[in-house]
Number of protein chains: 2
Amino acid sequence: MSISSRFSVGIHILALIAINKNERSTSEFLAGSVNTNPAVIRKIMGMLKTAGLVNVQPGIAGAELAKDLSAITLFDVYKAVNVVQEKELFSIHDNPNPECPVGKNIQSTIEPLFIKAQSAMEKVLNSLTLEDVVKDINDKENIC
Amino acid sequence: MSISSRFSVGIHILALIAINKNERSTSEFLAGSVNTNPAVIRKIMGMLKTAGLVNVQPGIAGAELAKDLSAITLFDVYKAVNVVQEKELFSIHDNPNPECPVGKNIQSTIEPLFIKAQSAMEKVLNSLTLEDVVKDINDKENIC
DNA sequence: TTTAAATGTAATTATTATGGTTACAAGTAA
DNA sequence: TTACTTGTAACCATAATAATTACATTTAAA
């Protein structure tokens, strides 16, 4: 199983808003680039707005970044779109048998190990910003 | 979304086989500790067997570890039970618009970043062994 | 050789998350 | 007033999970 593509779509949206900053980035425009339905974009945009990453207003066409590109990490986006809950990248089976030494202790033994693994992954996401993403795209396009 | 509990169940099974090494660990016995159905245990056991982590035979009651506890990493178990495909911890939306500079490049830009994050997580799993798990359980139980 | 017990595996089910789609109320600007 | 946009809710198809039942196959012991 994989982590929802809401995350990659969120990155796509934010990068496109930045690159398209001289034009209005409506949900229809963004949907055309992502290749999905405008309603899907608006739902994700709502999450990005709640997280304080974008400014959008009902009735007003277009979204804008609420922060500088370099101030938005991939971890910020990841948290914003709610693809993985805190400490729950790995699920642990519940109700193991408390009368068995393994069943009684397996959860408390495993949990810190799983958290350590999840944290290592999230630390990488926290070290990357949207600026890195946009720069790479611009390099590939020879723009700017 | 979370990674399947097959992973934590796999760890549970292997740890219990090790701790119960003087008795036969049948799928029914293991299921009693995990608190699930014996058929679920047998399915996971089949994966662990394919990965060379346990020895089981049709008709013969009980499973045994195929390697030393210290020679089985959590990454081995993770791969064995097939909870995350290689390079696919994060899914990336497909068919972005190739006529848009962002749509054209987003996949190739994001993929290495996602792989880097996934690798960091897997590296942690690779640094932990079943011996660590069993020792912790034994410590908590004051056994040996 | 028969019997009992265990593994291997397929089929079925309920539950949940995802991603897409349609529809429409509400807000804004021309 | 009109046209356009955002925000949301409702609904659907699909896929993965985990549990359950059932049964063929294999082994060992009576």
Quick one: label A/V56 by what it contacts on the DNA or RNA (base, sugar-phosphate, nothing), any heavy atom closer than 4.0 Å. sugar-phosphate
Just to be sure I understand the rule, does B/A61 reach a base, reach only the sugar-phosphate, or reach nothing, if contact means heavy atoms closer than 4.0 Å? sugar-phosphate
Salt bridge A/E111-A/K87, side-chain N to carboxylate O under 4.0 Å: no
Considering only NZ, NE, NH1 and NH2 on the basic side and carboxylate oxygens on the acidic side, decide whether A/D139 and A/K135 come within less than 4.0 Å. no
Report the distance from atom [atom1] of [X] to atom [atom2] of [N], rounded to the nearest whole Å.
X: A/I41; N: C/dT21; atom1: CD1; atom2: P; value: 12 Å
X: B/H93; N: C/dA17; atom1: NE2; atom2: P; value: 23 Å
X: A/I44; N: D/dT6; atom1: CD1; atom2: P; value: 14 Å
X: A/K49; N: D/dG7; atom1: NZ; atom2: C1'; value: 8 Å
X: A/N95; N: D/dA18; atom1: CG; atom2: P; value: 14 Å

Ignoring hydrogens and angles, tell me if any N or O in the side chain of A/S27 forms a donor-acceptor pair with the backbone of A/I41 under 3.5 Å. no
Nearest-nucleotide pick for B/M1, side chain only, options being C/dG19, D/dT17, C/dT18: C/dT18
When you get a sec, tell me which of C/dT7, D/dG7, C/dG19 is the closest nucleotide to the side chain of A/S5? C/dG19
Taking the nucleotide of DNA chain C with the closest heavy atom to each, which residue, A/I60 or B/A63, is nearer the 5' end? B/A63
Mapping A/N37 and A/P58 onto DNA chain C by nearest heavy atom, which one lands closer to the 5' end? A/N37
Side chain proximity check, A/P96 to A/Q107, heavy atoms < 4.5 angstrom: yes
Residue whose nearest DNA chain D nucleotide is more 5′ - B/G59 or A/K43: A/K43
Earlier contact from the 5' end, DNA chain D, for B/V40 and B/N82: B/N82
